[in-house]
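Single-structure report; data block below.
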Amino acid sequence: MTEWEQGLQEAVRRYAAMQPALQEVADEFVAFITAQLDDAGINYVSVTGRAKSVASFAGKAARMSGGEPVYPEPLTQITDQVGVRVVTYLHGDVTAVADLLADQLSVLDDRDLGQETARQGRFGYASRHLLVAVDRVKGVPAAYESLREHSASVQVRTILQHAWAEFEHDVRYKGTIPEEHVPDLDRRFTLAAGLLELADREFSAIRDRLQATMGHH
């Protein structure tokens, strides 16, 4: 066994010992974010959280690129050990949630994967990914003081984006796709992503029209 393999084995062992406590942290982040959304009056479908499973951590920690480990120090470099997912109704709500998180927490990283895909001229996976931590300056209710020692990876997506991502993940990663069917399935997933983006826009336009109409009465 190489020195790196021994280090990997030790990192997985340590993570396995930490994982139950991390699940409690995930639950606390869910409670905190849910309370912030409710206070702000932002509509959402669900807020869920999880600690990364030991098997998933081990698989990610073992990734290699060009013969070198992607995460030489997995316990500190794998940042989605605690994950929260916020599912909203419309795309505008995604921005509202991200803005709220930026106001209440420190945002260590913020990636809009839908925009990244669009810049490549494609349709596909769309989700806002933020890495957040409790800000020592902004303050946090005493009930959530324990969160100061942790960060969380927060995914924010619309319910249509969520449906596409879950189905795509289920087909690609949990099933076995014959090689000859991959191009056609890729095309169909791309078509579905484009249709769902259009549906998101139309639902947003409907809500904007209704809000404007109600505002005139």
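The first residue of the sequence shown is numbered 1, and numbering continues consecutively from there.
Side-chain contact between Val84 and Phe32: absent, with no pair of heavy atoms (C-beta onward) separated by less than 4.5 Å. Using a 4.5 Å cut-off on side-chain heavy atoms (C-beta onward), Glu28 and Val25 make no contact. The side-chain heavy atoms of Val107 and Leu131, taken from C-beta on, include no pair separated by under 4.5 Å. Residues Leu75 and Met18 form a side-chain contact, since some pair of their non-hydrogen atoms from C-beta on lies under 4.5 Å apart. Between Arg128 and Asp110, the closest side-chain pair of non-hydrogen atoms falls below 4.5 Å. Here the side chains of His129 and Ser153 are not in contact, with every heavy-atom distance at 4.5 Å or above. Residues Val97 and Thr88 have side chains in contact (heavy-atom distance under 4.5 Å, counting atoms from C-beta outward). The closest side-chain heavy-atom distance from Arg85 to His162 is below 4.5 Å.
Not one N or O on the side chain of Gln19 forms a donor-acceptor pair closer than 3.5 Å with the backbone of Tyr15. Using a distance-only test at 3.5 Å, with no hydrogens or angles considered, a donor-acceptor pair links the side chain of Asp93 to the main chain of Leu90. Remark: the backbone N or O of Thr2 is paired with a side-chain donor or acceptor of Glu5 at under 3.5 angstrom. Between the Gln161 side chain and the Thr158 main chain, a donor and an acceptor come within less than 3.5 Å of each other.
The two residues Ala11 and Phe57 make their nearest non-hydrogen contact at O-CE2, 3.9 Å. When all heavy atoms are compared, the tightest approach of Val47 to Val30 is O-CG1, 3.6 Å. Of all non-hydrogen atoms in Ala26 and Val82, the two that sit nearest each other are CA-CG1, 3.8 Å.
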The test is side-chain contact (heavy atoms from CB on, under 4.5 Å); show your working for Gln81 and His150 and say whether it passes. CA-CA 10 Å; Gln81 296 175 26; His150 301 279; over 6 Å; no
Apply side-chain contact (heavy atoms from CB on, under 4.5 Å) to Arg50 and Gln23, showing your working. CA-CA 6 Å; Arg50 60 97 184 106; Gln23 183 58 54; 4.3 Å; yes
With side-chain contact (heavy atoms from CB on, under 4.5 Å) as the criterion, how do Tyr71 and Thr76 come out once you've worked through the C-alpha distance, each side chain's angles and the decisive distance to 0.1 Å? CA-CA 9 Å; Tyr71 303 102; Thr76 56; over 6 Å; no
Could you go through the side-chain contact (heavy atoms from CB on, under 4.5 Å) check for Asp38 and Gln36 one step at a time? CA-CA 5 Å; Asp38 289 342; Gln36 300 305 312; over 6 Å; no
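Here salt bridge (Lys or Arg N to Asp or Glu O under 4.0 Å) pairs that include residues 6-21, with residues two or more places apart or in two chains, are Glu10-Arg13. Annotation: side chain to side chain donor-acceptor pair (under 3.5 Å) contacts involving residues 52-61, sequence neighbours excluded, comprise Lys52-Ser56, Lys52-Asp80, Lys60-Asp80.
Residues Val70 and Leu8 share a single hydrophobic cluster, defined by chaining ILVMFWY side chains whose heavy atoms lie under 4.5 Å apart. No single ILVMFWY cluster, assembled from side-chain heavy atoms under 4.5 Å apart, contains both Leu108 and Val154.
Residues satisfying the side-chain contact (heavy atoms from CB on, under 4.5 Å) criterion with Ala40, sequence neighbours excluded, are Ile42, Leu100.
Remark: Asp109 CG to Ser151 OG distance equals 11.0 Å, nearest 0.5 Å. For the atom pair Asn43 CG and Leu37 CG, the distance stands at 10.0 Å (nearest 0.5 Å).
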